[in-house]
Amino acid sequence: FHRAMGLAYDKALFIESQSPADSAAFGLIGNSYIYDAESGATYRGTDEAKKVLCEVYGVDWTKYSNIDDAVADVTGYEVNLAKQLLTKAYNDALAAGDIKETDKVVLTFGTASVTDIFKRHVNFISNAWIEMAKGTPLEGKLEVETAEKGKTWANDFRNGAYDICLGGWSGAAWDPGYFLLAYLDPGYMYSMGWDTS
């Protein structure tokens with residue numbers, strides 16, 4: 001389900017329509033993170049990292065003259081694959097008894113304050129998700145709402161009060177080990193979806 005949602009919208013188009021000064025990021029570890037301090041080589045510059053991006057987003061890099069041309073075609077948007085994954089996730093949840101055919105899936109975007117920029121972000125993404133659901137068992141059953149959480153937004157997200165948080169980390173650009181704390185150390189992480197022990 002999570003992967004389907006991620007593949008349902010064009011990341012480059014999203015950034016272009018929201019903030020023309022920015023560029024799309026397709027992986028958590030971007031161009032600023034080095035893996036070799038002595039040479040300054042970046043992880044994202046390796047063929048291994050480029051192949052991972054292609055695999056995650058369904059671009060067959062073997063059909064290109066070089067890996068860089070393949071990476072240039074990554075948009076993060078693979079709606080047909082997203083529909084397949086969404087249908088599989090729905091059918092699996094139905095078979096497990098986690099959802100009923102009459103249920104709706106309501107996803108909540110939480111934020112400290114509902115600004116015009118936040119509304120633009122949510123509208124773009126939620127419209128893509130609703131479009132993706134067309135032709136799947138969730139057509140007409142997928143809804144998106146927003147919740148203004150004020151100063152408690154971070155702890156509310158940690159405690160599962162809402163589903164989606166739009167945000168980002170800044171700082172420690174050259175240290176991917178530090179960056180991983182956001183996913184591995186309960187003192188830093190926002191997603192409590194897995195046990196990090």
Side-chain angles (χ1 to χ4, degrees), residues 1-19 22-36 41-93 105 107 109 121-122 124-136 138 142 144 157 163-170 172-185 188-196:
F1 183 79
H2 185 261
R3 186 167 179 223
M5 304 309 266
L7 293 171
Y9 63 99
D10 185 320
K11 313 303 179 283
L13 183 60
F14 172 68
I15 291 298
E16 182 182 304
S17 67
Q18 307 298 315
S19 176
D22 294 332
S23 60
F26 300 105
L28 289 173
I29 300 177
N31 293 326
S32 297
Y33 297 98
I34 61 173
Y35 74 89
D36 184 343
T42 64
Y43 166 73
R44 187 57 61 210
T46 66
D47 284 353
E48 291 80 7
K50 293 172 185 178
K51 288 175 183 176
V52 167
L53 279 184
C54 291
E55 289 168 10
V56 166
Y57 291 109
V59 174
D60 184 355
W61 60 270
T62 64
K63 294 184 177 177
Y64 291 77
S65 59
N66 62 66
I67 190 71
D68 291 322
D69 288 347
V71 170
D73 277 353
V74 171
T75 65
Y77 178 64
E78 291 292 334
V79 73
N80 291 330
L81 178 57
K83 286 176 183 286
Q84 292 170 18
L85 293 168
L86 185 68
T87 299
K88 181 181 183 325
Y90 176 84
N91 289 336
D92 289 350
V105 174
L107 300 172
F109 278 88
H121 290 171
V122 171
F124 185 99
I125 294 170
S126 62
N127 287 338
W129 287 346
I130 290 166
E131 185 66 27
M132 172 204 47
K134 290 180 179 175
T136 76
L138 278 177
L142 179 62
V144 178
F157 185 65
D163 307 299
I164 304 160
C165 172
L166 293 176
W169 286 95
S170 61
W174 300 105
D175 185 354
Y178 178 82
F179 171 80
L180 292 174
L181 285 175
Y183 295 87
L184 301 174
D185 185 326
Y188 289 84
M189 64 196 290
Y190 283 89
S191 175
M192 298 301 175
W194 63 88
D195 179 2
T196 60

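Quick note: numbers below take in every heavy atom, side chains included, and nothing from hydrogens, waters or symmetry partners. What you are looking at is a predicted structure, and each value in this text was computed from that prediction instead of being measured.
Of the inter-residue distances, the one linking I67 atom CD1 with K51 atom NZ reads 6.0 Å to the nearest 0.5 angstrom. Distance NE2/H2 to CG/L7: 10.5 Å, rounded to 0.5 Å. To the nearest 0.5 Å, the span separating CE on M132 from CG on L142 amounts to 6.0 Å. Here the CZ atom belonging to R3 is positioned 5.0 Å from the CG atom belonging to L81, to the nearest 0.5 angstrom. Remark: D73 CG to L53 CG distance equals 12.5 Å, nearest 0.5 Å. Rounding to the nearest 0.5 Å gives a distance of 11.0 Å between CG of N80 and CG of L85.
With Y35 contributing its side chain and T46 its backbone, the two residues share no donor-acceptor pair below 3.5 Å. The main-chain N or O of G76 is found under 3.5 Å from a side-chain atom of K11 such that the two form a donor-acceptor pair.
A heavy-atom distance below 4.5 Å is not found between the side chains of Y43 and I34. Using a 4.5 Å heavy-atom threshold, the side chains of E55 and W61 count as touching.
For N66, the side-chain hydrogen bond (donor to acceptor under 3.5 Å, both in side chains) partners two or more places apart in sequence, or in a different chain, are D69.
Evaluation of the side-chain hydrogen bond (donor to acceptor under 3.5 Å, both in side chains) test over residues 127-136, restricted to residues two or more places apart or in two chains, returns E131-K134.
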From CA spacing to verdict: side chain to side chain contact (heavy atoms under 4.5 Å, CB included), M5, L107: CA-CA 11 Å; M5 304 309 266; L107 300 172; 3.3 Å; yes

Check the pair C54, V71 against side chain to side chain contact (heavy atoms under 4.5 Å, CB included), reporting the backbone distance first and the verdict last. CA-CA 6 Å; C54 291; V71 170; 4.1 Å; yes

When you look at V144 and I164, which way does the side chain to side chain contact (heavy atoms under 4.5 Å, CB included) test go after all the steps? CA-CA 10 Å; V144 178; I164 304 160; 5.9 Å; no

Between Y64 and V59, does a side chain to side chain contact (heavy atoms under 4.5 Å, CB included) hold up when you go through it step by step? CA-CA 10 Å; Y64 291 77; V59 174; 3.8 Å; yes

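Annotation for Y77: atom OH does not count as buried by contact number, only 12 or fewer foreign heavy atoms lying within 6.0 Å.
Comment: K88 engages D92 in a salt bridge, judged by a side-chain N to carboxylate O separation of less than 4.0 angstrom.
Of all non-hydrogen atoms in F26 and V74, the two that sit nearest each other are CZ-O, 3.5 Å.
Between F14 and F124, a ring centre-to-centre spacing shorter than 6.0 Å is recorded.
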